[in-house]
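Below is one structure, written out as structure tokens; comments come after it.
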Amino acid sequence: MTDRIDTICVQGGYRPGNGEPRQIPIVQSTTFKYDTSEDMGKLFDLEAQGYFYSRLQNPTCDAVAAKIAALEGGTMGMLTSSGQAANFYAVFNIASCGDHVVASNSIYGGTYNLFSVTMKKMGIEFTFVSPDCTEEELNAAFRPNTKAVFGETIANPALTVLDIEKFAAAAHIHGVPLIVDNTFATPVNCRPLAWGADIVTHSTTKYMDGHAAALGGCVVDGGRFDWMAHKDKFPGLTTPDESYHGVIYAEKFGREGAFINKATAQLMRDFGAMASPQNAFLLNLGLESLHVRMARHCENAQAVAEFLAGHPKVAWVRYSGLPGDPYHALAEKYLPHGSCGVVSFAVKGGRTAAEAFMKHLRLGAIATHVADARTCCLHPASSTHRQMNDRELEAAGVPADMVRLSVGLESREDLIEDLAQALAAL
Ligand SMILES: *Cc1c(COP(=O)(O)O)cnc(C)c1O
């Protein structure tokens, strides 16, 4: 098919045959029927392609995963039940107890906890580096047991932009893949694989679903990383898997398929954080308009950011579309058509002013969410980051006065009027 994003959003992943449903069918079945045990045995041995149990694979989920893989320019994808599961699987598929991972320190708080607390308990150590570190600083973070590098194209909520080429080069010098969480940019605005990343992850809960309807995640493999060239580093892919009759994923499925086939066969089998077919269907409805919605989110956010930047009661604004933003130059390179709909800013008067301002908003609702059609906002210091004191908040790049505004698809005049009246009320 085509490589044009707009067409893949609408028609990718599913080609109905003659007389078949135009829309992706929801295969609402946990299990699949076979004529003989031999037929089913071949599936269990990974000798034949097919479905046997929806914890591992389901046709609805596979069609939507194939669409996202095509959007990212990757070879294979898998859906997961959440973005958290996607990032866990992407890292745990190649790193285990005794291994080490280099990660940007400017990442989603949930991912930071997953890495620094929960995966640490599993014996995996993380070194966090600033996304703005020098090449020397980045290279110094690697150890002989490093298995991957991780970052976010646009970090939630710090809105830093990752220098993907810099991180990919360092990863490849050290013989490991770069994993990029592309949730905020979406493939409409940036395709990390084209800049050297090897694996892309998503919380599809955000712009891809786009309507705050279904939680979900996705892992996409670019299919280029040569596991066999670094055989000793990645035994899970390059030596026999005894839990699957000795299959060697990198040999059997090649570069194109090794990573996702292993993640499905082992991690989905054992952890089971699978997307439901119903949620995959809802996700696909979102994907069909992703390209149209992203453009509008970006236009609205740009207008809102410019309005806020010019307002006397606003202390500061962060949006990479503003020429004065520290990430403007990186955004021009990696996000030439726009970044995302999230703007962070502070009103003068700090924490109390932030809380008062949000109470006055009429269209913008207070919600622990971003990236859906309706404008919403959050004061991290009094909600998601409530446990931290002001000094800790500053260090985490989430200052106490920060308001995270997720600009939706409403009329931008109405949004600006709403912000203006809330600021006037202070
Ligand atoms: C929300 C988010 C996640 C976690 O996704 P869930 O679907 O909420 O589990 C991971 N990464 C980023 C960048 C996110 O914004």
Side-chain angles (χ1 to χ4, degrees), residues 1 3 5 7-16 23-30 32 43 46 49-90 93 179-183 186-188 191-193 197-210 213-223 249 253-269 271-288 290:
M1 213 167 95
D3 194 40
I5 293 276
T7 307
I8 304 171
C9 278
V10 181
Q11 294 212 17
Y14 173 66
R15 295 249 101 188
Q23 182 54 280
I24 296 180
I26 304 173
V27 181
Q28 193 68 47
S29 182
T30 57
F32 300 82
L43 301 175
L46 305 178
Q49 289 272 333
Y51 297 95
F52 53 97
Y53 193 51
S54 287
R55 188 192 336 118
L56 283 95
Q57 279 183 293
N58 170 283
T60 311
C61 298
D62 276 359
V64 181
K67 174 180 280 192
I68 298 174
L71 284 171
E72 289 288 3
T75 52
M76 262 190 103
M78 80 192 285
L79 295 191
T80 57
S81 56
S82 68
Q84 287 298 103
N87 282 326
F88 173 60
Y89 282 7
N93 206 29
I179 303 170
V180 173
D181 180 331
N182 197 32
T183 297
T186 83
V188 172
R191 297 171 103 187
L193 299 175
D198 302 284
I199 290 142
V200 169
T201 60
H202 282 280
S203 165
T204 62
T205 316
K206 311 296 164 53
Y207 289 112
M208 284 189 166
D209 166 77
L215 216 74
C218 187
V219 182
V220 172
D221 180 18
Y249 294 100
F253 300 103
R255 287 189 208 182
E256 302 73 32
F259 190 85
I260 296 294
N261 273 291
K262 173 178 181 289
T264 299
Q266 281 183 345
L267 303 187
M268 215 42 113
R269 179 194 62 187
F271 292 109
M274 185 55 168
S276 75
Q278 180 77 40
N279 277 2
F281 177 83
L282 291 170
L283 167 58
N284 186 58
L285 289 184
L287 291 170
E288 289 184 4
L290 181 66

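Model, not experiment: these values are computed from the prediction.
For the pair M208 and P187, the minimum side-chain heavy-atom distance is below 4.5 Å. The side-chain heavy atoms of Y207 and V188, taken from C-beta on, include no pair separated by under 4.5 Å. Side-chain contact between Q49 and Q57 is absent, with no heavy atoms from C-beta onward closer than 4.5 Å. Using a 4.5 Å heavy-atom cutoff, the side chains of K67 and I24 are not in contact. Two residues are said to be in side-chain contact when any heavy atoms from C-beta on lie closer than 4.5 Å; I68 and T204 meet this criterion. By the 4.5 Å heavy-atom criterion applied to side chains, L79 and L283 are counted as neighbours.
Separating the CZ atom in F88 from the CZ atom in F271 is a distance of 4.0 Å, to the nearest 0.5 Å. One finds the CG atom of L56 at 8.0 Å from the CZ atom of R269 (value rounded to the nearest 0.5 Å). Atom OG of S203 and atom CG of D181 lie 7.5 Å apart (nearest 0.5 Å). Atom CG of N261 sits about 4.5 Å away from atom CE of M76, to the nearest 0.5 Å. Between atom CD1 of residue I199 and atom CD1 of residue I179 there is a gap of 5.0 Å, rounded to the nearest 0.5 Å. Separating the CG atom in L285 from the CG atom in L290 is a distance of 13.0 Å, to the nearest 0.5 Å.
Here the closest non-hydrogen pair linking A263 and M78 is CB-SD, 3.5 Å. Of all the heavy atoms in A213 and D209, the pair that sits closest is N-OD2, 2.9 Å. Of all heavy-atom pairs between T60 and V27, the closest is OG1-N, 2.8 Å. Nearest heavy atoms, Q23 versus F281: CG-CE1, 3.4 Å. Taking all atoms of both residues into account, the shortest heavy-atom contact from S29 to S54 is O-OG, 2.7 Å. Across every non-hydrogen atom of A69 and G77, the tightest pair is CB-N, 3.8 Å.
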Practice task
Could you go through the side chain to side chain contact (heavy atoms under 4.5 Å, CB included) check for F32 and L43 one step at a time?
Solution key: CA-CA 11 Å; F32 300 82; L43 301 175; over 6 Å; no
Practice task
Given side chain to side chain contact (heavy atoms under 4.5 Å, CB included), test F259 with V219 step by step and report yes or no.
Solution key: CA-CA 10 Å; F259 190 85; V219 182; 3.9 Å; yes
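Within the structure, the side chain to side chain donor-acceptor pair (under 3.5 Å) test picks out no pair touching residues 74-85 (sequence neighbours left out).
With hydrogens and angles disregarded, a donor-acceptor distance shorter than 3.5 Å links the side chain of Y89 to the backbone of A273. In terms of modelled atom types and a separation under 3.5 Å, the side chain of T201 and the main chain of A86 share no donor-acceptor contact.
Salt-bridge annotation for D221 and K262: absent, with no side-chain N of the basic residue lying under 4.0 Å from a carboxylate O of the acidic one.
R55 pairs by the side-chain hydrogen bond (donor to acceptor under 3.5 Å, both in side chains) definition with nothing, not counting sequence neighbours.
Side chains of Y14 and N284: no donor on one and acceptor on the other come within 3.5 Å.
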